[in-house]
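Chain naming here is simple, since letters A, B, ... match the order of the sequence lines and numbering starts at 1 in each.
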Amino acid sequence: MAALPVRDDRRIVLHLDYDCFYASVFEVERPALKSQPLAVQQKQIVVTCNYEARRRGLHKLQLIKDAKRICPEVVIVLGEDLTKFRDASKDIYHFIRSFIWGGRVERLGFDELSLDVTEMVDYNMNLLNQSNIKSSFFHLDKSDPTVGFTYNATGFHGFTNPPQEQESSESANNLSTLGMRLLIGSHLLSHLRSKLEYEKGFTATGGVSTSKLLAKLVGSVHKPNQQTTLIPPYEMDDNTESNVIGFLDSHEIQKIPGIGSRLAQKLRAKVTGQDTGDGKVTVRDVRLHPNMGPPLLEKTLGGPGAAKGIGQRIWGVLHGVDNTEVMEGRDLPSQISIEDTYGRGRLDNIESVRRELTVLTKSLLRRMRTDLVDRGELNAEKPRWLAHPRTLRLSTRPRNPPEIDGTRTYNANRTSRSAPLPSLVFNLDENLDSLAERLVQDHVMGMFRKLHTERSGWDLGLLNIAVTNMVESAGDQKQSSGRDIGKMFRQQETVLREWTVYESDDPPKLTPDVKAVEQCGWQDEDEDEDEDPPLLSIECSICGAPIPHFAQQAHALYHVSEEN
DNA sequence: GAGACACAG
DNA sequence: TCTTCTGTGTCTC
């Protein structure tokens, strides 16, 4: 019998999942839609629909024509442009984060949040007045004791898992410390959900436990607009069953976050014995399989490409152990990409490819300006780039050629090429159309020809254009959370070394210069006293990047080299 | 760093 | 037909 992994239950984690998010965004915009069946369309697919539509038999990822047949009254809105969803998602994220001490709020996709509320819960736990527990006050602000809300601490808010027996009002007295902390967390979650609904118009489903994994899983038990707390006992001993194990055990293996289709397939094959791996296999089936433990899991799931230590990790997950922290959320994305899909024959010649790439590239440049440029309050300041992506990437998905019998199989695989992102894209004075055309003409088409060397004969199902390798421009300190100081100094050393090479070389070589300049995007004034040495810099008048003194000449050279 | 892949909503 | 339009993280080279 393999040793049981150890769970750390010191943290309290809340999980929030906005109900049918895309549909809700339209409902907030036009409240009359709330009473109607509503579906959001991307291409020929219903990507999500509201609960009124679900009552009538619609569901996610359904073909539009099936949806119309099943529910002819359905209101269909187009959701291929994600701008308003992204904006709403960001707005909700900032709203919720404004309540949370320490800012440990992590976004997963557009519609989910994990919150580490340990500090808030423990603070309020210590202030509980045992003599008047029915009308307790939850403090949301340490420095202002009037800020908060009243709550009844004799019971959990919302559902518990497993369901609690009908008990007297003294039930809170019998709770363990962990139970009491989870209870307080459940009231905070309820408050956040109310605020979200009444101030922003979005309902959400929530979960309370001690890790991202468990809070998310338990949150999905009662949907929509409900919340569930996974209650103790969490540990197993001679007299008690662990509720964590009991809760997890009945889940199908693929329902567990982090176990996707590939891992699930391998696990099902192992447990059912050399099957293609189809039947329903639960966490319990895997956990209790003969000789199961980290080594066997490593052997089953490992191999080329698999993450190392996967056996240990999955063994933990099967026991509800997830010690990954809730990270402080980033304000800047690490990548921006735009893609579109195309029907057969739509993209089989170079001119149509160029046309579509120009459309996508223009959207990408617009996204970069909205997401990476700080225009300041009331447009008083000069706009400046908060981050400079260093890499441009083009991906395509070719259609499979027809089989002998004429049928085509679907090809899910993408293929990609990357190149340095030319700095002309940071010029805020040039309009998007001409910028996009220059970028496609001078850079993207070359990457496309590297991807598809054949003159013709291809038929593409998808184009994706992305900027990656984001380098934050330090400077706006309050916005650039969580920057890696160690990495900064490592990069700084690289830049300095490159510069030294340049200085001592007789003829200036272009390659090292470009390299040095590319790495200078993050550089800025250093205001912190303890970070030495302070590096002065100025802003480039062409691209707005903060440039350290020593790199100014090289940076200017870079722009000159861009001109041809 | 480039490119592929796994996983997520 | 693992569908849409993204985004993050990790592996191998």
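Taking atom NZ of A/K216 as the reference point, atom P of B/dC7 lies 14 Å away to the nearest angstrom. In this structure, CD of A/Q44 is placed 13 Å from C1' of C/dC2, rounded to the nearest angstrom. Taking atom CD on A/Q62 and atom P on C/dC2, their separation rounds to 18 Å, with Å as the unit. Following rounding to the nearest Å, A/E112 (CD) and B/dC7 (P) show an atom-to-atom distance of 17 Å. With rounding to whole Å, A/L267 atom CG is found 14 Å from B/dA6 atom C1'. Here B/dA8 presents its P atom at 10 Å from CD1 of A/I256, a figure rounded to the nearest Å. Rounding to whole angstrom units, CG of residue A/L263 and C1' of B/dC7 are separated by 9 Å. The distance between atom CZ of A/R408 and atom C1' of C/dT1, rounded to the nearest whole Å, is 14 Å.
Among the heavy atoms of the strands lying under 4.0 Å from A/N469 are primed sugar atoms or P, OP1, OP2 only; no base atom is included. Backbone-only contact: A/R397 has heavy atoms under 4.0 Å from sugar-phosphate atoms and none from a base. Here A/K60 lies out of heavy-atom contact (under 4.0 Å) with every strand. Residue A/L78 is out of contact with every strand shown, counting any heavy-atom pair closer than 4.0 Å.
Here A/D322 does not pair with A/K212 in a salt bridge; the nearest charged N to carboxylate O distance is not below 4.0 Å. Comment: A/K308 does not engage A/E298 in a salt bridge, judged by the lack of any side-chain N to carboxylate O separation of less than 4.0 angstrom.
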Summarise how protein sits on nucleotides 5-13 of chain C as a single string, 5' to 3': B when a protein heavy atom is under 4.0 Å from the base, S for sugar-phosphate-only contact, - for no contact. BBSBS-S--
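With distances taken from any side-chain atom of A/S261 to the nucleotides B/dG1, C/dT4, B/dC7, the minimum falls on B/dC7.
Looking at every heavy atom in both residues, A/P398 comes nearest to A/N413 through CD-O, 4.0 Å.
Cation-pi contact between A/K200 and A/F95: present, with separation from the ring centre below 6.0 Å and deviation from the ring axis of at most 45°.
Aromatic pair A/F110/A/F85: centroids not less than 6.0 angstrom apart.
Contact annotation: A/R417 side-chain N/O to B/dG3 OP1/OP2 distance is under 4.0 Å.
Each salt bridge (charged side-chain N to carboxylate O under 4.0 Å, His left out) pair with one or both residues in residues 48-64 of chain A, not counting sequence neighbours, appears once here: A/E52-A/R55, A/E52-A/R56, A/R56-A/E73.
The nearest heavy atom of DNA chain B to A/N413 and to A/T391 marks one nucleotide each, and the one closer to the 5' end goes with A/T391.
Residues satisfying the ring-ring contact (aromatic ring centres under 6.0 Å, His included) test with A/H59, not counting sequence neighbours, are none.
For C/dC2 and B/dC5, the C1' atoms lie 14 Å apart once the distance is rounded to whole Å.
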